[in-house]
> 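Okay, handing you the structure first.
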Amino acid sequence: MKQVLLPFGSDNADVTPVAAAAQFASRFDGKVTALFYPRLPDPVIVDPMSGGVVSYEGIDEEVAAQREQAQGQFAALKDGLAADLAARISVDMQRLSNWRQIGEESRVFDLTVVARASKSPHWQTLFEMALFEGGRPVMLVPEGWSKPFGDTVVIAWNRSTETARLIGQSLGALKAAKSVHIVELEGWYTAGPDGKALQAYFAGHGIEAQHHKADAPNGPGAKMVELSRDLGADLMLKGAYTQSRLTQLIFGGATRQVLEQSDIPVIFAH
């Protein structure tokens with residue numbers, strides 16, 4: 001994962017996970033590209049018979065103000081990094097004209113990094129744009145995270161296509177880890193190879209992984225968070241939205257639980 005995308009705007013520049021992105025890229029002698037996105041008003045549908053007019057006068061001034069604010073906040077975070085980490089980050093303030101381009105841009109990066117930030121009301125939208133439109137892994141970082149990570153990795157193995165795709169895209173991170181744990185939860189898996197088969201696959205790549213099975217009475221997502229703590233993990237890999245987003249919104253689901261509760265960085269793929 002040598003090419004890392006770090007999107008930021010005026011709505012989240014001061015909580016952008018700059019340190020986490022730089023630290024993870026450094027594990028692979030990689031680079032971080034920080035892209036500023038302007039947040040424009042969402043398109044408005046006007047009844048052509050109403051005579052209403054939508055004016056976007058002043059948008060250029062608004063974008064300029066967003067850019068200035070975000071640039072200053074991001075620079076403060078970058079200046080707080082060690083020199084070797086700061087040197088890995090390049091900042092582009094001009095490439096994007098709308099934040100909805102983040103999903104498209106993420107297609108040419110190994111990983112997109114997004115923070116779960118309570119003060120940023122749009123973090124989940126940003127996460128989902130990269131996840132569903134990019135086709136590449138997305139890392140969600142807890143707010144304020146600055147510790148090194150990636151040495152102890154736990155994999156939420158539910159035998160799904162999404163998780164298999166993520167593993168294939170994350171072999172470099174798994175090879176760089178000091179310990180890898182495969183976790184299977186009773187009743188939480190689709191048809192497919194079990195954890196022992198994944199363990200054998202890893203062995204063929206020179207990765208020694210431990211296999212664990214457990215019950216999940218309070219839901220698979222909550223159990224994965226609990227087991228990650230018990231195992232001392234500092235990174236989780238999880239396929240995202242094996243169930244539909246609508247189903248998860250109504251009934252809950254593992255992805256939603258992990259999104260809301262995880263206290264370590266999590267790499268997702270769909």
Side-chain angles (χ1 to χ4, degrees), residues 1 15 17 20-21 24 106 111-118 120-132 134 136-145 147 149-167 169-170 173-174 177 179-190 192 195 198 209 211-270:
M1 295 185 172
V15 291
F24 198 67
S106 66
L111 180 72
T112 299
V113 181
V114 176
R116 182 183 64 218
S118 57
S120 174
H122 309 294
W123 69 263
Q124 190 161 343
T125 302
L126 185 65
F127 167 80
E128 290 184 353
M129 283 194 298
L131 182 74
F132 289 105
R136 298 295 187 97
V138 182
M139 178 189 291
L140 186 72
V141 180
E143 185 173 351
W145 181 277
K147 298 177 290 186
F149 62 101
D151 282 342
T152 304
V153 181
V154 61
I155 301 169
W157 179 240
N158 63 351
R159 312 179 188 179
S160 69
T161 303
E162 292 83 1
T163 309
R165 182 178 297 116
L166 173 59
I167 288 169
Q169 294 173 316
S170 304
L174 293 169
S179 60
V180 175
H181 300 270
I182 302 165
V183 173
E184 285 189 288
L185 302 178
E186 291 294 341
W188 181 62
Y189 43 76
T190 63
L198 180 61
H211 178 231
H212 311 266
K213 296 190 75 170
D215 295 318
N218 297 319
K223 188 63 176 181
M224 283 306 309
V225 172
E226 177 188 334
L227 285 174
S228 295
R229 294 173 185 149
D230 293 345
L231 293 168
D234 54 25
L235 179 65
M236 184 192 302
L237 301 187
K238 187 190 178 307
Y241 296 115
T242 301
Q243 301 181 81
S244 71
R245 279 184 290 175
L246 179 60
T247 300
Q248 296 225 7
L249 182 63
I250 297 173
F251 300 106
T255 299
R256 181 163 294 278
Q257 287 180 316
V258 172
L259 281 173
E260 295 173 351
Q261 299 176 22
S262 179
D263 48 13
I264 60 174
V266 183
I267 302 180
F268 295 88
H270 180 73

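Excluded from the calculations below are hydrogen atoms, water molecules and symmetry mates; all remaining heavy atoms, backbone and side chain alike, are included. Predicted model, so just to flag it, every value in this text is computed and none were measured.
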> Over all heavy atoms of both residues, which pair between V113 and P17 is shortest? Give the atoms and the distance, please.
CG1-CG, 3.6 Å
> Rounded to the nearest 0.5 Å, how far does CD1 of I155 lie from CE of M224?
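Reported to 0.5 Å precision, the distance equals 9.0 Å.
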> What are the two closest non-hydrogen atoms of P220 and A254, and how far apart are they?
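That would be CG-CB, 3.7 Å.
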> When you look at M236 and V258, which way does the side chain to side chain contact (heavy atoms under 4.5 Å, CB included) test go after all the steps?
CA-CA 10 Å; M236 184 192 302; V258 172; 4.0 Å; yes
> Could you pull out the closest heavy-atom pair between A164 and W157, with the gap in Å?
N-CZ3, 4.1 Å
> For T152, which residues count as a side-chain hydrogen bond (donor to acceptor under 3.5 Å, both in side chains) partner, sequence neighbours excluded?
S179
> Is the shortest heavy-atom distance from the side chain of H212 to the side chain of L227 under 4.5 Å?
no
> Side chains of H122 and M129: closer than 4.5 Å at any heavy-atom pair?
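A side-chain contact under 4.5 Å is absent here.
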> Is the side chain of N158 donor-acceptor paired with the backbone N or O of S160 at a distance under 3.5 Å, no angle test?
yes
> If I take atom CH2 from residue W123 and atom CG from residue L140, how far apart are they, to the nearest 0.5 angstrom?
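Here the rounded value is 5.5 Å.
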> Shortest non-hydrogen contact from M1 to P137?
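Heavy atoms only, the tightest pair is CE-CG, 4.4 Å.
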> Are any side-chain N or O atoms of Q169 and backbone N or O atoms of R136, one a donor and one an acceptor, separated by less than 3.5 Å?
no
> V180 and L174: which non-hydrogen atoms are nearest, and at how many Å?
CG2-O, 3.9 Å
> For L259 and R116, run side chain to side chain contact (heavy atoms under 4.5 Å, CB included): C-alpha distance rounded to whole Å, both residues' side-chain angles, the deciding distance at 0.1 Å, then the answer.
CA-CA 8 Å; L259 281 173; R116 182 183 64 218; 6.0 Å; no
> Given 3.5 Å as the limit, does a donor-acceptor pair link the side chain of Q257 with the main chain of A222, or not?
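Checked: pair present.
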> So, for A117 and V15, which heavy atoms are closest and what is the spacing to 0.1 Å?
CB-CG2, 3.6 Å
> Check the angle between the aromatic planes of F127 and F268 and answer parallel, tilted or perpendicular using the 30° and 60° thresholds.
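F127 vs F268 ring planes: perpendicular.
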> Taking the basic N atoms (NZ, or NE/NH1/NH2) and the acidic carboxylate oxygens, is any pair closer than 4.0 Å for E184 and R159?
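So E184 pairs with R159 through a salt bridge.
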> From L131 CG over to H270 NE2, what is the distance, rounded to the nearest 0.5 angstrom?
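Result: 7.0 Å between the selected atoms.
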> If I take atom NZ from residue K223 and atom OG from residue S228, how far apart are they, to the nearest 0.5 angstrom?
11.0 Å
> Say you draw a straight line from CG of L231 to CZ of R229; how long is it, rounded to the nearest 0.5 Å?
12.5 Å
> Got a second to check how far I167's CD1 is from I267's CD1, nearest 0.5 Å?
11.5 Å
